[in-house]
Number of protein chains: 4
Amino acid sequence: MPRVSAEHLAVRRDHIVAAALRCFARDGFHATSVRDVVRESGLSAGAVYSYFRSKDDLVAAAVEPVVEGLLHAVDEAVLDRGASPGEVVGRLLERIYPLVVEGDVDYTRIAVTAWAEGLRDPAVRGIAQRTYGRVRERLSECVAHWRDAGHLPNDTDPEVLGQLLFSVVVGFVMQHALLGDVDPHRYAAAATLLLPPAHGGADR
Amino acid sequence: MPRVSAEHLAVRRDHIVAAALRCFARDGFHATSVRDVVRESGLSAGAVYSYFRSKDDLVAAAVEPVVEGLLHAVDEAVLDRGASPGEVVGRLLERIYPLVVEGDVDYTRIAVTAWAEGLRDPAVRGIAQRTYGRVRERLSECVAHWRDAGHLPNDTDPEVLGQLLFSVVVGFVMQHALLGDVDPHRYAAAATLLLPPAHGGADR
Amino acid sequence: MPRVSAEHLAVRRDHIVAAALRCFARDGFHATSVRDVVRESGLSAGAVYSYFRSKDDLVAAAVEPVVEGLLHAVDEAVLDRGASPGEVVGRLLERIYPLVVEGDVDYTRIAVTAWAEGLRDPAVRGIAQRTYGRVRERLSECVAHWRDAGHLPNDTDPEVLGQLLFSVVVGFVMQHALLGDVDPHRYAAAATLLLPPAHGGADR
Amino acid sequence: MPRVSAEHLAVRRDHIVAAALRCFARDGFHATSVRDVVRESGLSAGAVYSYFRSKDDLVAAAVEPVVEGLLHAVDEAVLDRGASPGEVVGRLLERIYPLVVEGDVDYTRIAVTAWAEGLRDPAVRGIAQRTYGRVRERLSECVAHWRDAGHLPNDTDPEVLGQLLFSVVVGFVMQHALLGDVDPHRYAAAATLLLPPAHGGADR
DNA sequence: TATGAATGAGGGTTCATTCAT
DNA sequence: GATGAATGAACCCTCATTCAT
């Protein structure tokens with residue numbers, strides 16, 4: 001089937017990534033064998049290896065869209081500069097939730113496996129550090145604006161609060177994946193109430 | 001009548017678990033082979049298998065004390081009923097941090113691997129659900145008290161806020177293990193400020 | 001009526017063989033994959049397989065010109081019927097050396113790989129047996145002439161001496177390929193001294 | 001079957017090496033899979049890998065006794081200092097032949113595969129260079145003695161003649177392995193006649 | 001009893017070869 | 001006709017686990 005279009009190649013690649021994501025979400029990276037992905041994709045081992053140099057490559061390729069999705073979501077959530085940090089986090093959660101559970105793949109499970117993988121695999125850890133670092137930066141900036149708008153004390157530390165707000169997202173992902181009993185909308189609504197406007201505050 | 005005392009057996013078992021924890025914190029569950037644990041423990045494969053039926057058993061045994069430690073810490077942190085939920089979480093963080101990084105094992109790494117393992121191993125997931133469920137209950141109770149003390153609106157949902165407060169702990173663990181740049185004391189201090197007492201007192 | 005001329009086909013074929021020889025000399029037959037040859041030739045897998053039914057075929061095709069070169073060289077070296085067998089071998093060595101190391105391919109390396117391949121591949125073994133058998137025959141004939149000229153005892157066994165003289169060539173090839181420290185000209189000069197004319201001998 | 005004696009371990013190791021030698025002599029190193037050796041040994045893959053770290057290790061272990069045997073043989077053949085170099089080579093051939101074809105393994109086939117392997121594998125090449133280098137040294141020394149005894153011209157170059165005499169051995173091995181038609185005793189007898197004593201004695 | 005040699009299924013990966021395009 | 005994507009058997013090696021000693 002040679003001399004196929006570049007589009008066909010991209011489609012095939014995505015097909016394999018999708019199959020891998022199903023496997024990874026089901027069993028995690030380590031407990032998923034390349035054979036499993038091969039079976040799930042309906043292709044052959046050789047075909048998979050012609051698109052990805054190694055299992056690690058496949059893992060990285062599977063992780064990438066997930067983190068990209070998160071980055072994109074946070075960029076959008078942060079656009080409304082007047083919103084409180086809690087509102088931003090709430091919006092972020094609402095925004096990622098459909099992405100996260102859409103279709104047959106629960107991306108929160110992918111994320112949790114990726115965290116564990118990041119403990120050992122420097123490449124995965126690098127992706128995580130870069131991406132999550134950027135998400136926290138956005139949230140910190142948000143906190144800084146909120147402080148500058150007079151809703152937070154002047155000595156507020158945006159960096160730590162960014163970490164704390166990021167934890168709200170991380171905790172949602174972990175609880176959704178592992179405990180499975182978090183209602184996304186109630187959770188997001190609660191997050192929205194964090195760091196509310198100062199009562200007599202500046203935002204009026 | 002056993003040749004060796006029950007105490008001796010328990011010591012041996014703990015010795016193996018300790019060796020396993022060192023390996024697991026270093027490499028994660030999957031990348032740690034039973035052989036690694038055998039080597040680390042200085043015992044023989046047969047010895048390890050006489051204390052644990054399988055690797056999964058060993059994993060579960062290693063996970064248990066970690067989550068038990070958390071449970072214990074939350075029980076203590078929650079004792080002061082007058083404290084705000086944020087203060088409870090802050091105290092919880094301060095309390096678990098020494099446990100968490102004490103000695104040669106970083107328990108936040110164990111926790112992250114355990115989460116991933118819980119995605120597929122029902123035993124590990126069971127432990128996680130039970131323990132983390134109880135931690136969240138304590139936090140929810142704390143929220144309920146705080147609400148009943150007039151610091152939160154009457155329609156406050158303690159369950160969701162418990163999940164959110166739990167996220168603050170989860171997020172700390174994950175960021176410490178994977179990103180490695182969270183200052184535990186600043187983070188705990190920031191957490192303390194969550195859900196502050198209502199200014200004039202009750203929710204009027 | 002073919003689309004491309006037979007000559008064009010032959011050129012293509014030689015092009016592939018040349019590429020294969022470069023790979024084989026570098027890595028040996030087994031460690032060279034068909035893919036390597038495809039890459040080296042700049043053609044496609046299909047193209048290579050349209051000229052050679054299998055990798056074994058390609059190996060045989062690559063071996064053939066090498067041994068043919070040897071056969072040709074011995075035919076020339078043997079022309080001077082008055083020369084001693086040692087002189088013939090010396091001339092043979094001088095003659096094959098430029099062929100052997102000329103260009104980018106060290107044919108002694110090909111030869112050594114081919115010997116090993118001949119242990120299991122009947123086609124290669126056949127080529128080796130036929131060609132080397134003929135080389136030995138020539139050398140044996142040479143010995144017989146030398147004996148008949150009175151330089152060797154009448155009970156001299158030309159066959160065994162042919163094997164022995166052939167060994168001088170084989171040993172040169174092996175030492176050049178594997179040990180890499182034989183000076184071809186000194187070696188050839190030494191070979192020339194083998195089986196010298198009888199002192200008061202018949203050839204005067 | 002643990003806690004076995006060191007002797008048992010050595011026996012097992014030798015058993016595996018013997019099985020490997022049978023496979024290697026039959027098919028060469030590359031065409032022999034570890035599976036083949038496992039099958040031939042009657043053990044399991046894991047067992048083989050508990051004695052040898054890798055296939056390369058097994059190859060090295062199989063090559064070692066062969067080259068050791070050659071070294072030992074040359075040391076013995078060289079003992080009689082009054083013998084001509086040809087006699088030494090003849091004796092060397094007679095001495096290695098039984099070793100070489102004894103039992104079910106034709107070691108000349110192992111040697112030829114090892115040569116080919118040495119082209120790529122530096123470890124094997126190292127063994128070859130060291131061993132064959134020493135064999136050639138012995139033969140060169142022999143030539144030097146012979147020259148000093150007056151049987152060769154004073155300007156004789158022992159090094160090159162050592163290479164040439166070594167070729168007689170190499171050529172025998174190659175012809176025996178690949179062409180299979182060399183009579184060892186006739187060949188050795190012919191080798192004995194090389195570099196005969198000067199007729200009237202010394203070179204006066 | 002405690003040992004650690006042995007097992008063999010399964011791990012990730014590469015290969016010669018084919019055939020739809 | 002030439003291409004190169006696809007195949008799937010086989011590659012080397014590691015693993016959790018067992019059981020003869």
Side-chain angles (χ1 to χ4, degrees), chain A residues 1-5 8-9 12-13 16 30-39 41-59, chain B residues 2-4 12 30-39 43-59, chain C residues 2-4 9 12 30-39 43-59, chain D residues 1-5 8-9 12-13 16 30-39 41-58:
Chain A
M1 214 173 288
R3 236 181 209 168
V4 296
S5 66
H8 171 86
L9 291 180
R12 263 292 157 84
R13 203 189 131 97
I16 295 169
H30 274 105
T32 296
S33 69
V34 173
R35 246 185 114 113
D36 292 335
V37 177
V38 164
R39 218 179 345 245
S41 72
L43 299 176
S44 65
V48 168
Y49 272 91
S50 80
Y51 287 91
F52 301 93
R53 244 178 315 190
S54 65
K55 186 186 177 183
D56 281 357
D57 233 47
L58 189 51
V59 166
Chain B
R3 288 295 196 73
V4 289
R12 262 287 166 88
H30 275 103
T32 296
S33 67
V34 173
R35 216 185 150 152
D36 291 335
V37 176
V38 165
R39 217 180 346 244
L43 302 176
S44 67
V48 169
Y49 271 88
S50 77
Y51 288 90
F52 302 94
R53 233 175 323 175
S54 67
K55 187 186 175 182
D56 282 357
D57 235 47
L58 185 54
V59 166
Chain C
R3 289 293 195 76
V4 290
L9 289 178
R12 262 288 166 86
H30 276 102
T32 296
S33 67
V34 173
R35 216 185 150 150
D36 291 335
V37 176
V38 165
R39 216 178 347 241
L43 302 176
S44 66
V48 169
Y49 271 88
S50 77
Y51 287 91
F52 302 94
R53 234 174 321 176
S54 67
K55 186 186 177 183
D56 282 356
D57 236 45
L58 185 54
V59 166
Chain D
M1 213 175 285
R3 235 179 209 169
V4 297
S5 66
H8 171 86
L9 291 180
R12 263 290 156 87
R13 204 189 129 97
I16 295 168
H30 274 103
T32 296
S33 68
V34 173
R35 243 186 117 116
D36 291 335
V37 176
V38 164
R39 217 175 351 240
S41 71
L43 299 175
S44 65
V48 168
Y49 274 91
S50 79
Y51 288 91
F52 301 94
R53 243 177 317 191
S54 67
K55 187 187 175 183
D56 281 357
D57 233 46
L58 189 51

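Residue numbers start from 1 in every chain, and the chains themselves are labelled A, B, ... in the order their sequence lines are given, proteins ahead of strands. Quick note: numbers below take in every heavy atom, side chains included, and nothing from hydrogens, waters or symmetry partners.
Residues Ser41(A) and Val48(A) approach most closely at OG-CG2, 4.3 Å, considering heavy atoms. Nearest heavy atoms, Lys55(A) versus Thr32(A): NZ-O, 2.7 Å. Residues Leu43(C) and Val38(C) come closest through the heavy atom pair O-CG1, 3.3 Å.
The shortest distance between the side-chain N/O atoms of Ser44(C) and the OP1/OP2 oxygens of dT3(F) is below 4.0 Å.
When rounded to the nearest whole Å, the span between NE2 of His8(D) and C1' of dG4(E) equals 11 Å. Tyr51(D) places its OH atom 10 Å from the P atom of dT7(E), with the value rounded to the nearest Å.
Residue-to-nucleotide proximity on DNA chain F shows that, of Ala47(C) and Ala47(A), the 5′-proximal contact is made by Ala47(C). Each of Ser50(B) and Gly42(D) was assigned the nucleotide of DNA chain E with the nearest heavy atom; the assignment lying further toward the 5' end belongs to Ser50(B).
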(request) Would you sketch DNA chain F in dot-bracket for me? Only Watson-Crick or G-U wobble pairs with both distances under 3.5 Å count, crossing pairs as [ ], other-strand pairs as |, the rest as dots. (result) .||||||||||||||||||||
(request) For each nucleotide in nucleotides 10-17 of chain E, reading 5' to 3', give B when a protein heavy atom comes within less than 4.0 Å of its base, S when such contact involves only the sugar-phosphate, and - otherwise. (result) -SSBB-SB
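Within 6.0 Å of CZ in Arg35(A) there are 12 or fewer heavy atoms belonging to other residues, nucleotides or ligands.
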(message) Working note: Tyr51(D) + Leu58(D), criterion side-chain contact (heavy atoms from CB on, under 4.5 Å); need CA distance, chi angles, decisive distance, verdict.
(response) CA-CA 9 Å; Tyr51(D) 288 91; Leu58(D) 189 51; over 6 Å; no
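A donor-acceptor pair under 3.5 Å is absent between the side-chain atoms of Asp57(D) and the main chain of Ser54(D), judged by distance alone.
For Arg12(D), counting side-chain heavy atoms from C-beta on, the closest listed nucleotide (dG4(F), dA6(F), dA5(E)) is dA5(E).
The residue Phe52(B) sits apart from the nucleic acid: no heavy atom pair falls under 4.0 Å. In this structure, Leu43(B) reaches neither bases nor backbone, as no heavy-atom distance under 4.0 Å exists between it and the strands shown.
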